[in-house]
Q: 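Following this message is one structure expressed as structure tokens.
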Amino acid sequence: MVQHCETLNRSVQVVNLDPAAEHFDYPVLADIRELIEVDDVMEDRSLRFGPNGGLVYCMEYFANNFDWLESCLGHTEDDYILFDCPGQIELYTHLPVMKYLVEQLQQWEFRVCGVFLVDSQFMVESFKFLSGVLAALSAMVSLEIPQCNIMTKMDLLSKKAKKEIEKFLDPDMYSMIEDTPSRFKSTKFKKLTEALCGLVDDYSMVRFLPFDRSDEECMNIVLQHIDFAIQYGEDLEFKEPRENEEDKSENFDEYFQDRTDES
């Protein structure tokens, strides 16, 4: 997405908020690992945390040190920043850490949009799709911000898989029941599935956009949805594209000729 924005002459910064990240191929404005790392927490014998517990500890420590993030962000106007967050779902569903971050960013006058990523290779069966939808809805309700739900890695799917997954982009939730494998069609399971599908359908808030990094138009659609959610660009001044003097004179000659022909 950063590379795509560069081709559009848009300045985008990235902040890494994953204390367990190992490697990434893009420059970052700030890196939480400068504040705290999961490996350091796990190696602390007094804490005795595993990977998940260590990650939660790191994020709670981060929530108590937002001044570090504020100093990294600075006070430049018109910043467009991607916050690359950890993928552990509990941080967005039943722990308040990410909610605190959203509220803090809003206090700093950021307009925030959540981008919920689901691996398209995971969403190949109806019951897995329903699980992903519920996770997305839970995060949306918890964070209380505009949210774009994205099916990632579409470029890794076969043509057949892409065709099959199209039905999940704007789904009829009750049709999911008919697609449920026979081994899950007990009476109790069917009632539970109907109740969950009804919940999702009543909210009517979960739709997915495909994300194919090999397709510029696809990436642009995703970016436009995010821009719309945060009202990006509404208060920017219009700037005419630059042209050199020769181009200007040629354009004027063509315009003058067209006007002469019309008259």
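Positions are given from 1, in the same order as the sequence printed here. The structure presented is a predicted model; accordingly, all values stated were derived computationally and were not measured.
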Q: Is the gap between the ring centers of Y232 and Y80 under 6.0 Å?
A: yes
Q: Would you please test I81 and L29 for side-chain contact (heavy atoms from CB on, under 4.5 Å) and show each step?
A: CA-CA 9 Å; I81 301 177; L29 176 66; 4.2 Å; yes
Q: Suppose we screen for side-chain contact (heavy atoms from CB on, under 4.5 Å). Which residues come up paired with K160, at least two apart in sequence or across chains?
A: S158, E164
Q: Would a single hydrophobic cluster contain both M42 and L47, if residues Ile, Leu, Val, Met, Phe, Trp and Tyr are joined by side-chain heavy-atom contacts under 4.5 Å?
A: yes
Q: Which distance, rounded to the nearest 0.5 Å, do you find between the CG of D201 and the CD of E194?
A: 12.5 Å
Q: For a quick test of reading the model, state the closest non-hydrogen atom pair linking S120 to I165 and the distance between them.
A: O-CD1, 3.2 Å
Q: Sequence neighbours excluded, which residues qualify as side chain to side chain donor-acceptor pair (under 3.5 Å) partners of D25?
A: H23
Q: Please find the pair of heavy atoms, one from M98 and one from C85, that lie closest to each other, and give the distance.
A: CE-SG, 3.7 Å
Q: Hey, are the side chains of M151 and F211 touching, using non-hydrogen atoms and a 4.5 Å cut-off?
A: no
Q: Filter on salt bridge (charged side-chain N to carboxylate O under 4.0 Å, His left out), then keep only pairs touching residues 4-19, sequence neighbours left out; what's left?
A: R10-D227
Q: Could you see if V12 belongs to whatever hydrophobic cluster contains F228? Use Ile, Leu, Val, Met, Phe, Trp, Tyr and a side-chain cutoff under 4.5 Å.
A: no
Q: Taking all atoms of both residues into account, what is the closest heavy-atom pair of C218 and P210, and its distance?
A: SG-O, 2.9 Å
Q: With a 4.5 Å cut-off on side-chain heavy atoms, are L134 and V200 touching?
A: yes
Q: Would you indicate whether F110, at its atom CZ, is surrounded by more than 12 heavy atoms from other residues, nucleotides or ligands within a distance under 6.0 Å?
A: yes
Q: With side-chain contact (heavy atoms from CB on, under 4.5 Å) as the test, would you mind laying out the steps for Q106 and V112 before giving the verdict?
A: CA-CA 7 Å; Q106 290 172 336; V112 185; 4.2 Å; yes
Q: State the CZ-NE2 distance between R213 and H4, to the nearest 0.5 angstrom.
A: 14.5 Å
Q: Would you check if the distance from the ring center of F62 to the ring center of F66 is below 6.0 Å?
A: yes
Q: Which pairs, with at least one residue in residues 58-67 and sequence neighbours excluded, count as a salt bridge (charged side-chain N to carboxylate O under 4.0 Å, His left out)?
A: none
Q: Linking I/L/V/M/F/W/Y whenever their side-chain heavy atoms sit closer than 4.5 Å, directly or via other members, would L156 and L117 fall into one cluster?
A: no
Q: Just to verify, what does I89 make a side-chain contact (heavy atoms from CB on, under 4.5 Å) with, not counting sequence neighbours?
A: T93, F116, A135
Q: Below 4.5 Å, heavy atoms only, C-beta onward: do V118 and N149 meet side chain to side chain?
A: no
Q: Any chance you could measure L55, atom CG, to M59, atom CE, to the nearest 0.5 Å?
A: 6.5 Å
Q: With side chains defined as the heavy atoms from C-beta onward, is the minimum distance between Q13 and L82 less than 4.5 Å?
A: no
Q: Search all heavy atoms of D155 against all heavy atoms of S214 and return the closest pair with its distance.
A: CB-OG, 3.8 Å
Q: Mind checking the CD1-CG spacing from I36 to N65? Nearest 0.5 Å is all I need.
A: 8.5 Å
Q: If I take atom CG from residue D44 and atom CG from residue D39, how far apart are they, to the nearest 0.5 angstrom?
A: 12.5 Å
Q: Within a radius of less than 6.0 Å around OH of Y100, do more than 12 heavy atoms belonging to other residues, nucleotides or ligands occur?
A: no
Q: In this structure, are over 12 heavy atoms from other groups packed under 6.0 Å from Q3 atom CD?
A: no
Q: Search all heavy atoms of K128 against all heavy atoms of M123 and return the closest pair with its distance.
A: O-SD, 4.1 Å
Q: Got a salt bridge between K162 and D212, using NZ or NE/NH1/NH2 to carboxylate O under 4.0 Å?
A: yes
Q: Applying side-chain contact (heavy atoms from CB on, under 4.5 Å) to V28 and D31, what does each step give before you reach the verdict?
A: CA-CA 7 Å; V28 293; D31 188 346; 4.1 Å; yes
Q: Other residues, nucleotides and ligands only: do more than 12 of their heavy atoms fall within 6.0 Å of NE2 on H225?
A: no
Q: Is the number of heavy atoms from other residues, nucleotides or ligands within 6.0 Å of NZ (K99) greater than 12?
A: yes
Q: Please walk me through it: do Q121 and T152 pass side-chain contact (heavy atoms from CB on, under 4.5 Å)?
A: CA-CA 8 Å; Q121 298 173 101; T152 63; over 6 Å; no
Q: Test side-chain hydrogen bond (donor to acceptor under 3.5 Å, both in side chains) on D84 and Y26 and set out the steps.
A: CA-CA 12 Å; D84 190 4; Y26 46 84; 2.9 Å; yes
Q: Please find the pair of heavy atoms, one from V41 and one from G54, that lie closest to each other, and give the distance.
A: CG1-CA, 3.9 Å
Q: Would you mind reporting whether L35 and Y61 have side-chain heavy atoms less than 4.5 Å apart?
A: yes
Q: Do L91 and P86 make a side-chain contact, defined as non-hydrogen atoms from C-beta onward lying under 4.5 Å apart?
A: yes
Q: Would you mind reporting whether V14 and F83 have side-chain heavy atoms less than 4.5 Å apart?
A: no
Q: Is any side-chain heavy atom of L223 less than 4.5 Å from a side-chain heavy atom of L8?
A: yes
Q: With sequence neighbours excluded, what pairs up with E37 under the side-chain contact (heavy atoms from CB on, under 4.5 Å) test?
A: R33, D40
Q: Starting at SG of C72, measure out to CD of E70 and round the result to the nearest 0.5 Å.
A: 10.5 Å
